[in-house]
Number of protein chains: 2
Amino acid sequence: MKRITIYDVAKEADVSLATVSRVINDSNVVREDTKQRVQEAIEKLGYKPNAIAQGLALSKTTTVSIVMSEKLFAYNGKILNGLMDVAKIYNYNIMFHTTSQGISKMQDVIESIIKSHVDGVILFNDNFSEDEMEVLQEYQIPMVVVGSLLPETKVNNVGNVYVDFEKMAYEMVNELFDKGINDISLVEDKLNLSMMEQMRSGIERAFHDHGTEFKKYISYDETYKSSYNFLTEYFKTNKPSQFVFTFRDSQAIAVLNSCQEAGYKIPDDCQLVCVLNNKYLSMTRPNISTFNIPEYDMGAVSMRLLTKMLVDDESVRENKSIELGYSFIPKGTTK
Amino acid sequence: MKRITIYDVAKEADVSLATVSRVINDSNVVREDTKQRVQEAIEKLGYKPNAIAQGLALSKTTTVSIVMSEKLFAYNGKILNGLMDVAKIYNYNIMFHTTSQGISKMQDVIESIIKSHVDGVILFNDNFSEDEMEVLQEYQIPMVVVGSLLPETKVNNVGNVYVDFEKMAYEMVNELFDKGINDISLVEDKLNLSMMEQMRSGIERAFHDHGTEFKKYISYDETYKSSYNFLTEYFKTNKPSQFVFTFRDSQAIAVLNSCQEAGYKIPDDCQLVCVLNNKYLSMTRPNISTFNIPEYDMGAVSMRLLTKMLVDDESVRENKSIELGYSFIPKGTTK
C-alpha cells in the first residue's frame, strides 16, 4: 500500500502544502472552512501527521558518515550518486565530512565522526592513513573503503569495494610490449595516490617480466594550467613518450593540447589513455581513450555492503572485500 | 591554548594512534610498559579522552542540512567547498540530502530534514518549489537559499545569497546592441531553471528597451552528446547566431565543436559565452569567454548567514538577502 503523505492530503483538500502543514501544527491563520476541508482529507486518507514529528522517538534512525576530500567532489560525483541512492532506499541519514590536506584537519574529522555517534562510515581511499582507520576501528564503527584495494594489514575488519588498478596497468602494458611499445609514461595524480601506487606497481611488474625497468613515473604540479605550461616547455626540446597513462581528464587534456601544439600527432607520435572516464574525454579532438570504471556501482555496492555489515549479515562476516570489473574504451588517442 | 588531542599523546608517547586509542578504551592487547608510557603522556599533556565520548552530552551540536541535486555535484563543487569550510569553523555537523527529479523524492527529503531535527538548512535554487520551502518554514527551520534571487513572495523569512543574473544578461545584451549585434541566442540549462529564467528576463528587457523582441531561447536535450548531435545537424542548413549564451561548460563546448566543424569561425562568425566558469573553458581552442561568479564565496557567505540566523543576530533580522558581484572574463570566443 502506498504511504499517505502530506502531498496527498494537499491534493485531496485542494490546498497548498503549507496550508496542510499549518493545520497539522494548529496554526490560527487558516480559515475555519479550509481547516475543516484539510481535516476531512486527513481522515479520509488516513494520514498520520504525527509520524513525522515522532520519527526519532519511534524508531532509531541509522546514520552513516561519508568522508571525502574537498578536491574530489567533481570526480567522485557518480560514486556519491551510487552511495546516496542506496542510502535513500534504506532510509539512512547521511552525515557529510570533507577533508583537506594536513593531519590536523583529519583528526578533527575523526573526532567529529566519533562524536556524531554514526552507525557506519564510508571512506574514500587516499583520504585516511591506515593508522587513522585503526582509530576508527577501535571505536568499533563499521567502515567501508571505496576506491583501490586495501593492503593486507591489521585493518582486516574493514569493507573494501575496489577496482584492481594494478592488474589493469599490468595487462595493458603487457599488450603494449607485445606491440613493440616500451617507451611508456605514467603521470602522477596527487589526489589519488594509492591508486597511482597500484598502477605504478602493475606497470613495474610488466616491465620486470620483460627484463627491463620502468622509469617514467612523471610528477608535476597538479593543475591543468601548470601541467600544460610545463609540458609545452618540455616538448620544445623533448619528444613525447610512445604511450602516456594519465589518471584524470585535465591531465590527459594537458598532454593532448601541449603535444599537438608542439607539432606531434596523436595517436601517431604519442598514444594517450586517461584512466577515469567522463564526458570531457568526448569533447576533445581526437576523443581520449579511457577505461570504463563502474563508479556509480562502486558507490552503490559500498553502501549496500555497509548495510550488511551494520546488521552483521552472515554473508559479510568472512569476506568484506568486493572487486568490481573494468573495461578498456578505445577512442581516438590510441591505435 | 592549543587543544590537546590524541595525536599529541601518540607523538609524546611515540606510539601509534591506534595504541593510544586502545589504552583509552582499556584494551588488553597493549603491553604493560606501552600502556604506562601512554598514560604518562596523557597525564603530562592533560589530555581528556572522555571529552570525545561525552561530546553530545556536554554540549548541543549544531547540525545543518545541505540539500542539493544529485546532478549538480560536479558544478557546485566550489559552493560546497565554501559551505564546508565555514561549517568547520563553527564546528557544525553536516547532514547531506540529495534530490532527484520528481516530487515524490522531494517530499522524502523534506520529511527526512524534519525528522533529523536539524538546526538549519542550506538549499540550492531550483531544487525546491516555493510551496515546499513554505512547508519547511512552518517547522520554523532557518533556511538559506543559494543561487539566484528569490522572488518577493510570502517566503520572506528565508536567507538568500545570490548573483543577479537578470542584470548580468541585461547589461551584456545592451553592450551587444551598442556594437550592432542583435542576433542573440540563449541555450537553456534544464538543471538551473530559475537562473535561466532570470537571464532570459534580462535579455528580454534589453531587447524590449531597443524596441524589439527576444525570440531565440533554445531548448534541447541536456547531455553533451545529444546537443552536439543536434547542433551538428542544425548547422548543416542554418547559420549560427552572432552571439550565443550558454550556461554550463558542456553546452558551450557542444556549440564550439559543432560550429567549428561546420566550417564557421569562432569568434568571427559566432561569438560564444559560457556563464559558469571552470577549468574546462581553458582547455578548448579557442578558450571560452566566461564570467567570474564567486562560487566559493556564495557557499561561505551562505553558511555564515545561516550561523547568524541561528543565533537570531540583529544584523540579519531585517535583511537576509546578500547579493554577490560578478565580472566578465573575455577569452578567445568573443571580440
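Order of the sequence lines fixes the chain letters, A, B, ..., with proteins taken first and strands second; residue numbering starts at 1 for each chain. All figures in this text were calculated on a predicted structure; none of them were measured in a lab.
- Using a 4.5 Å heavy-atom threshold, the side chains of Phe96(A) and Asn93(B) count as separate.
- A heavy-atom distance below 4.5 Å is not found between the side chains of His97(A) and Met84(B).
- In this structure, the side chain of Lys279(A) does not engage the main chain of Lys225(B) through any donor-acceptor pair within 3.5 Å.
- At a 4.5 Å heavy-atom cutoff, the contact between Ile253(B) and chain A is made by side-chain atoms alone.
- Taking CG from Leu80(B) and CE from Met68(A), the interatomic distance works out to 9.0 Å, rounded to the nearest 0.5 Å.
- With values rounded to the nearest 0.5 angstrom, Ile94(B) atom CD1 is found 8.5 Å from Thr98(A) atom OG1.
- Annotation: the span from Asn278(B) atom CG to Ser250(A) atom OG amounts to 10.5 Å, rounded to 0.5 Å.
- Chosen from Lys78(B), Glu261(B), Met95(B), the residue pairing most often with chain A at heavy-atom distances under 4.5 Å is Met95(B).
- Panel note: side chain Asn257(A), backbone Met283(B); a donor-acceptor pair is recorded below 3.5 Å.
- With a 4.5 Å cut-off on non-hydrogen atoms, Asn91(B) does not touch chain A at all.
- Ranked by heavy-atom pairs shorter than 4.5 Å toward chain B, the options Asn81(A), Thr284(A), Thr223(A) are led by Asn81(A).
- When each of Val20(B), Thr19(B), Asp249(B), Ile66(B) is scored by its heavy-atom pairs under 4.5 Å with chain A, the top score falls to Asp249(B).
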